[in-house]
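Residue numbers count from 1 along this sequence.
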Amino acid sequence: MLFAAWIVALASSLGAVFIGEVMGQVPCELCWFQRAFMFPLALMLGIATYRADRAVLPYAFTLASAGWAIALYHLTIYFGVVPEAIQPCGSGPSCSDAEMTLFGQLPIPLLSLVAFTAILLFLVLINRRFKS
């Protein structure tokens, strides 16, 4: 399970780098915050997987929870739930325009939310497995 959480974090981190560096899509402010929580998860979970270290769980859960909350907020902005007057993306790319999609269809904030959700689920399953 720890390996699966690491794979999700690693794939998400590499995907974010690919979208920004290869596809040339500049990340919005909320994307930067989500990256700030996902990138350390990829490193922490990778090391913890290698060492079979469950002590990483509270730290990883905290990072993933914060990233999940930002991704959920970003998704509400993308779908227009949050009014423009209180949106944090003022300078730089918009958090809610058509550029926030992959292949013109798939919202990037949704991908981020799914990744953080998967990581959280894996961490909860690991925690339950070792508590019983």
Side-chain angles (χ1 to χ4, degrees):
M1 293 283 180
L2 196 54
F3 179 76
W6 172 62
I7 290 297
V8 172
L10 182 63
S12 299
S13 296
L14 293 175
V17 171
F18 180 82
I19 290 169
E21 299 301 319
V22 176
M23 295 177 66
Q25 189 167 337
V26 179
C28 70
E29 289 182 34
L30 290 175
C31 289
W32 279 115
F33 283 110
Q34 290 166 73
R35 287 176 177 202
F37 290 102
M38 186 62 76
F39 290 177
L41 274 171
L43 292 173
M44 285 173 42
L45 292 172
I47 293 167
T49 299
Y50 177 74
R51 298 179 67 190
D53 186 4
R54 289 187 334 241
V56 75
L57 293 178
Y59 310 111
F61 190 81
T62 302
L63 283 174
S65 296
W68 183 89
I70 294 168
L72 180 65
Y73 179 60
H74 192 177
L75 197 60
T76 61
I77 290 173
Y78 179 82
F79 284 122
V81 175
V82 176
E84 280 188 43
I86 60 171
Q87 291 183 6
C89 297
S91 62
S94 170
C95 291
S96 61
D97 68 6
E99 286 189 25
M100 285 294 115
T101 60
L102 197 57
F103 309 118
Q105 300 273 359
L106 201 52
I108 294 173
L110 177 63
L111 293 173
S112 179
L113 184 67
V114 167
F116 280 117
T117 301
I119 292 168
L120 285 169
L121 287 174
F122 286 130
L123 295 175
V124 167
L125 290 173
I126 293 165
N127 195 39
R128 284 187 182 171
R129 183 176 173 191
F130 286 104
K131 276 191 172 184
S132 57

Under 4.5 Å between side-chain heavy atoms, hopping through other hydrophobics if needed: is there a path connecting [X] to [Y]?
| X | Y | result |
| --- | --- | --- |
| Val114 | Leu121 | no |
| Phe130 | Phe3 | yes |
| Trp32 | Leu110 | no |
| Ile126 | Leu120 | yes |
| Phe79 | Ile70 | yes |

Where [X] and [Y] come nearest, the two heavy atoms and their spacing:
| X | Y | answer |
| --- | --- | --- |
| Pro27 | Cys31 | CB-CB, 3.7 Å |
| Phe122 | Ala4 | CZ-CB, 3.6 Å |
| Ala71 | Ser112 | CB-OG, 3.7 Å |
| Ile119 | Ala64 | CG2-CB, 4.0 Å |
| Met44 | Ala60 | CE-N, 3.6 Å |

[atom1]/[X] to [atom2]/[Y] distance, rounded to the nearest 0.5 angstrom?
| X | Y | atom1 | atom2 | value |
| --- | --- | --- | --- | --- |
| Leu123 | Arg128 | CG | CZ | 12.5 Å |
| Leu57 | Leu45 | CG | CG | 8.5 Å |
| Phe116 | Leu41 | CZ | CG | 6.5 Å |
| Leu111 | Thr101 | CG | OG1 | 10.0 Å |
| Leu43 | Trp6 | CG | CH2 | 10.5 Å |
| Leu72 | Ile77 | CG | CD1 | 10.5 Å |

CZ/Phe39: more than 12 non-hydrogen atoms of other groups inside 6.0 Å:
yes

Greater than 12 external heavy atoms within 6.0 Å of Tyr78's OH:
yes

How would you list all residue pairs meeting side-chain hydrogen bond (donor to acceptor under 3.5 Å, both in side chains) that involve residues 44-73, not counting sequence neighbours?
Trp68-Thr117

Ile108 side chain reached by His74 side chain, heavy atoms, under 4.5 Å:
no

Please answer whether the main-chain N or O of Leu30 pairs with a side-chain N or O of Gln34 as donor and acceptor at a distance below 3.5 Å.
yes

